[in-house]
2 protein chains.
Amino acid sequence: MGQKWKLPILWYLHEAEATRYNELKRRMPGITNTMLTKSLRELEKSGLVVRRSYGTVPPKVDYSLIETGQALLPTLNELYKWGEAHMHGGVSA
Amino acid sequence: MGQKWKLPILWYLHEAEATRYNELKRRMPGITNTMLTKSLRELEKSGLVVRRSYGTVPPKVDYSLIETGQALLPTLNELYKWGEAHMHGGVSA
DNA sequence: CGGTATCCTTGAGGATACTG
DNA sequence: CAGTATCCTCAAGGATACCG
């Protein structure tokens with residue numbers, strides 16, 4: 001699960017600073033709360049994303065790619081392009 | 001469509017010679033005719049796989065990865081591992 | 001042998017409402 | 001603000017039967 005949004009999220013996070021939940025939602029047009037949360041939780045579980053909660057009220061939470069995450073970016077890039085081109089019925093000419 | 005089988009098929013084809021339909025089916029435990037055919041057709045359309053039909057009867061058809069396809073293998077490999085690890089709920093410890 | 005046709009199941013993902 | 005709970009939809013994928 002999460003194919004649809006995990007990559008976009010990772011991709012966005014790599015070029016952004018720690019981003020708050022709603023900001024992230026705004027940046028991912030079409031994503032729903034359900035999917036955003038699910039995706040973030042799994043990315044966190046798999047150790048790619050860090051969730052930071054500032055126990056304030058109203059709540060403030062932000063998400064960021066792990067520092068070493070920058071290293072995965074080339075792979076991420078390939079993954080993205082390749083997947084788009086060959087895994088989803090994409091043909092070009 | 002095809003996420004589930006396209007990669008496995010490509011992966012298998014890269015280390016095999018031209019493979020016949022039923023052989024391919026045997027090598028992909030669990031795949032159905034529908035999916036095998038669909039996947040192969042799309043991989044053909046996107047130019048990664050070549051279908052060769054020997055107009056004989058009974059029919060003989062085989063599939064192979066395009067020659068330059070070997071070049072995509074590293075990417076394929078990354079894609080595969082990465083996808084398994086981070087896109088399908090895979091955690092390790 | 002190498003498929004196609006048909007119908008069916010399942011779960012990824014979505015919409016909406018609500019809450020600490 | 002940052003979610004969770006609930007219900008729903010739809011299409012990816014599967015099962016089975018049949019065909020040239």
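Chain naming here is simple, since letters A, B, ... match the order of the sequence lines and numbering starts at 1 in each. As the structure is a prediction and not an experimental result, all values here were calculated from the model.
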Q | hbond_proxy A:T37 side chain to D:dA2 base (donor-acceptor, 3.5 Å cutoff) | A | no
Q: Flag the pair B:L40 / B:L24 as yes when at least one side-chain heavy-atom distance between them is below 4.5 Å, and no otherwise.
A: yes
Q: Return the nearest nucleotide to the side chain of B:T34; candidates are C:dT6, C:dG3, C:dA15.
A: C:dT6
Q) When the distance from CG of A:L36 to P of D:dC1 is rounded to whole Å, what number comes out? A) 15 Å
Q. Among D:dC1, C:dG2, D:dG3, which nucleotide sits nearest the side chain of B:Y21?
A. C:dG2
**Q.** Minimum side-chain heavy-atom gap A:I31-A:L36 below 4.5 Å
**A.** yes
**Q.** Proximity to the side chain of B:T32 - top-ranked nucleotide from D:dG14, D:dG3, D:dA17
**A.** D:dG14
Q. To the nearest Å, how far apart are A:K38 NZ and D:dT6 C1'?
A. 12 Å
Q: Describe the nucleic acid contact of B:K60 in one word from base, sugar-phosphate, nothing, applying a heavy-atom distance below 4.0 Å.
A: sugar-phosphate
Q | Shortest side-chain distance from A:R41, nucleotide among D:dG14, D:dT4, C:dG3 | A | D:dT4
Q. Which of these nucleotides, D:dG13, C:dG2, C:dG13, is closest to any side-chain atom of B:K4?
A. D:dG13
Q. Atom CG of A:L24 and atom C1' of D:dA2: how far apart are they, to the nearest Å?
A. 12 Å
Q | Proximal nucleotide (of C:dG20, C:dT6, C:dG13) relative to the A:P59 side chain | A | C:dG20
Q. To the nearest angstrom, how far is A:R52 atom CZ from D:dA2 atom C1'?
A. 16 Å
Q: Return the value, rounded to whole Å, for the distance between atom CD of A:E44 and atom P of D:dA2.
A: 15 Å
Q) CG of A:N33 versus P of D:dC1: gap in Å, rounded? A) 12 Å
Q) Does OP1 or OP2 of C:dG2 have a side-chain N or O of B:R26 closer than 4.0 Å? A) no
(Q) From the set D:dG13, D:dA2, C:dG13, return the single nucleotide nearest to any side-chain atom of A:M35. (A) C:dG13
Q: To the nearest Å, give me how far apart CH2 (B:W5) and C1' (D:dG13) are.
A: 10 Å
Q | Phosphate-side-chain proximity, B:Y63 and C:dG3, N/O vs OP1/OP2 below 4.0 Å | A | yes
Q) Okay, side chain of A:T68, backbone of A:I66: is any donor-acceptor separation there less than 3.5 Å? A) no
Q.
For a quick test of reading the model: is some side-chain N or O of A:R20 closer than 4.0 Å to OP1 or OP2 of D:dC1?
A. no
Q: Go through the steps to decide whether A:I9 and A:K6 satisfy the test side chain to side chain contact (heavy atoms under 4.5 Å, CB included), and finish with yes or no.
A: CA-CA 5 Å; A:I9 290 170; A:K6 280 181 185 177; 5.8 Å; no
Q: Write down the distance between CD (B:Q3) and C1' (D:dA12), rounded to a whole number of angstrom.
A: 9 Å
Q: Could you walk me through whether A:D62 and A:R20 pass the salt bridge (Lys or Arg N to Asp or Glu O under 4.0 Å) test, one step at a time?
A: CA-CA 4 Å; A:D62 62 32; A:R20 303 181 61 168; over 6 Å; no
